[in-house]
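These notes concern the structure reproduced below.
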Number of protein chains: 2
Amino acid sequence: MADGIVERSRPRDRILETARDMFHKHGIKGVGVDAITEAAGTNKMTLYRHFESKDELIVECLRANAAKAGAMWEAFEAEFPGDKLAQLHAWVRKAAAMLNADGRGCDMANAAAELTEPDHPARLVIKELKEAQRARLVTLCRDAGIGQAELLADTLSLLFEGARVSVQTVGTEGPSTQFVRMAEGLIVSFRGAAAG
Amino acid sequence: MADGIVERSRPRDRILETARDMFHKHGIKGVGVDAITEAAGTNKMTLYRHFESKDELIVECLRANAAKAGAMWEAFEAEFPGDKLAQLHAWVRKAAAMLNADGRGCDMANAAAELTEPDHPARLVIKELKEAQRARLVTLCRDAGIGQAELLADTLSLLFEGARVSVQTVGTEGPSTQFVRMAEGLIVSFRGAAAG
DNA sequence: CTAGGGTGTTACCGGTCTGTAACTTCCAGA
DNA sequence: TCTGGAAGTTACAGACCGGTAACACCCTAG
């Protein structure tokens, strides 16, 4: 249970953490603000004093997710300082671990599936954050000395993204079981190809 | 506009087609039964005479989608009778075309993102239909003479699935532009490896 | 012509949703 | 101790949701 969130911290933080957790588990349209505030040990008025609408809360949750993902990249650098290839392998292991964490896919992808209005504020930040993540993976591949860094980064991205939705549709026993094998094979293959 | 659906056909068919279209465009929780029946040129009572609940309508829509996808496979066989490798390349082309068709991802994946209750009837048919599609692609790869048919089929599946969600999050100008290149490269690579 | 089933129409039920108003309580800092 | 702002409480507005009841209609098969 995520009740640890309800312990004494500021209401805004509790709301944000609880909303992230509930949006992740039940989807955005599957959770009402009443349920969020109750689970966060507060009430609706307090939510609307800190967030001007549910949509803004959604956006803040997505940004918080991205911040947590950013911390992951820093952890790679801390664990393998300067060794970009090791960091790339660490990314693969981390990605595989996320596949088995729970049956839910990427929060941003799920949000994009739910929020279909083309000008929804969340869609802008999703695009922005996904592009930032892609840029980060491209940089990592390039710094690891891989020739076609963009192509490898994009391939790994699509494989991971696909594996996450595969887990969500057919479970952890489907094609996603081969993710590590595919990813490692690709890295080997791209490293074998001449750089340039 | 999908108004052609509203032309004279039986109410049940119009409802099914309209619901498929609207679920695809706006998501499942984003469309109410009233909106569906109105767009289908009928009314709510008629819907509930043909479908016992919205959930059952959802399931029928997913099955109809799968049926349409099944017709696609038959088209491949009709176009390249017996030439399984050509059919595999046709699948790649078809997949790429779907990426650029509209900004929405796979209906089953989107439904799985929205319907989070573990025992929702739609989740069962999604798993069933996705597994059937996977089996079909594996068979095609095997019949095309590829050694590690399961691994290639799974890799292509994940790439395609990932490309669809990528289109939904960052648009058609993102990593999905490389899909054909990745897929064709994989096929070449797997054909190069010894069969067995 | 007639009977009956499929369809359309209207109204409604109970519930849930986002968002707001008005008021009370609490607590920290001066 | 006093005060001001943050937080809690209750009630409500207005809209929408899935689903149902009761009744009128129309068109086709016999």
Side-chain angles (χ1 to χ4, degrees), chain A residues 3 5-23 25-62 110-111 113-117 119-123, chain B residues 3 5-23 25-62 110-111 113-117 119-123:
Chain A
D3 287 335
I5 294 167
V6 186
E7 68 190 23
R8 280 315 106 190
S9 58
R10 282 139 118 199
R12 187 182 196 280
D13 298 334
R14 281 180 291 158
I15 290 169
L16 203 54
E17 282 304 296
T18 308
R20 281 212 311 141
D21 182 62
M22 296 183 76
F23 286 155
K25 285 180 184 158
H26 311 296
I28 289 174
K29 299 200 179 179
V31 177
V33 292
D34 270 316
I36 294 171
T37 54
E38 185 187 338
T42 177
N43 55 73
K44 195 157 49 170
M45 272 313 302
T46 300
L47 187 154
Y48 280 103
R49 286 188 190 108
H50 289 287
F51 305 93
E52 75 169 8
S53 66
K54 185 185 181 181
D55 282 348
E56 193 194 278
L57 175 61
I58 294 166
V59 168
E60 291 305 310
C61 285
L62 293 173
N110 287 345
E114 285 197 80
L115 309 174
T116 64
E117 307 102 279
D119 55 348
H120 192 289
R123 298 198 70 87
Chain B
D3 287 335
I5 294 167
V6 185
E7 71 190 20
R8 279 317 102 188
S9 57
R10 282 139 120 199
R12 187 181 194 280
D13 298 334
R14 281 180 290 158
I15 290 169
L16 203 54
E17 282 305 296
T18 308
R20 280 211 314 140
D21 183 61
M22 296 183 76
F23 285 156
K25 285 180 185 157
H26 310 296
I28 289 174
K29 299 201 180 178
V31 178
V33 292
D34 270 316
I36 293 170
T37 53
E38 186 188 337
T42 177
N43 55 73
K44 196 156 49 167
M45 272 313 303
T46 300
L47 186 154
Y48 281 103
R49 286 189 190 108
H50 289 288
F51 305 93
E52 75 169 8
S53 66
K54 184 185 181 182
D55 282 347
E56 193 194 277
L57 175 61
I58 294 166
V59 167
E60 291 305 311
C61 285
L62 293 173
N110 287 346
E114 285 198 78
L115 309 174
T116 64
E117 306 102 280
D119 56 346
H120 192 290
R123 299 198 69 87

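Given the structure is predicted, the values throughout are model-derived calculations rather than measurements. So that the names make sense, note that chain A is the first sequence line, chain B the second, and so on, each numbered from 1.
Put simply, CG on Leu57(A) and CZ on Arg20(A) are 11.5 Å apart, with the number rounded to the nearest 0.5 Å.
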When the side chains of residues 26-36 of chain B are checked against the rest of the protein, which donor-acceptor pairs come out under 3.5 Å, sequence neighbours left out?
residue	atom	partner	partner atom	Å
Asp34(B)	OD2	Lys44(B)	NZ	3.4

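Atom CG of Leu47(A) and atom P of dA6(D) are 16 Å apart (whole Å). In this structure, CG of Asn43(A) is placed 5 Å from P of dG8(D), rounded to the nearest angstrom. Summarising the geometry, the separation between OH on Tyr48(A) and P on dA13(D) is reported as 18 Å, rounded to the nearest angstrom. Between Met45(B) atom CE and dG18(D) atom P there is a gap of 15 Å when expressed in whole angstrom units. Regarding Asp55(B), its CG atom lies at a distance of 15 Å from the P atom of dC17(D), rounded to whole Å. Rounded to whole Å, the distance from CG on Leu57(A) to P on dC17(C) is 15 Å. The CZ atom of Arg10(A) sits 13 Å away from the P atom of dG8(D) (whole-angstrom rounding). Rounded to whole Å, the distance from CZ on Arg12(B) to C1' on dG5(C) is 17 Å.
Annotation: Glu38(B), atom CD; neighbour count of heavy atoms from other residues, nucleotides and ligands within 6.0 Å does not exceed 12.
Pairing each heavy atom of Arg14(B) with each of Ala40(B), the nearest pair is NH1-O, 3.3 Å. Of all non-hydrogen atoms in Ser53(B) and Tyr48(B), the two that sit nearest each other are CA-CE2, 3.9 Å. Residues Arg123(B) and Leu115(B) approach most closely at NH1-O, 2.6 Å, considering heavy atoms.
Checking dG8(C), dG19(C), dT18(C) against every side-chain atom of Arg14(B), the shortest atom distance belongs to dG8(C).
Donor-acceptor pairing under 3.5 Å, judged by distance alone, is present between the side chain of Lys44(B) and the base of dG19(D). With hydrogens and angles ignored, a donor-acceptor pair under 3.5 angstrom links the side chain of Arg49(A) to the base of dG8(D).
Distances shorter than 4.0 Å separate some side-chain N or O of Thr46(B) from OP1 or OP2 on dG8(C). At the phosphate of dG8(D), OP1 or OP2 sits under 4.0 Å from a side-chain N or O atom of Thr42(A). Distances shorter than 4.0 Å separate some side-chain N or O of His50(B) from OP1 or OP2 on dT7(C).
For the helix from dC1(C)-dG30(D) to dA30(C)-dT1(D), the terminal axes (five pairs an end, C1' atoms, rotation from four pairs onto the next four) enclose an angle of 10°, given to 10 degrees.
The shortest distance between side-chain heavy atoms of Asp21(B) and Thr18(B) does not fall below 4.5 Å.
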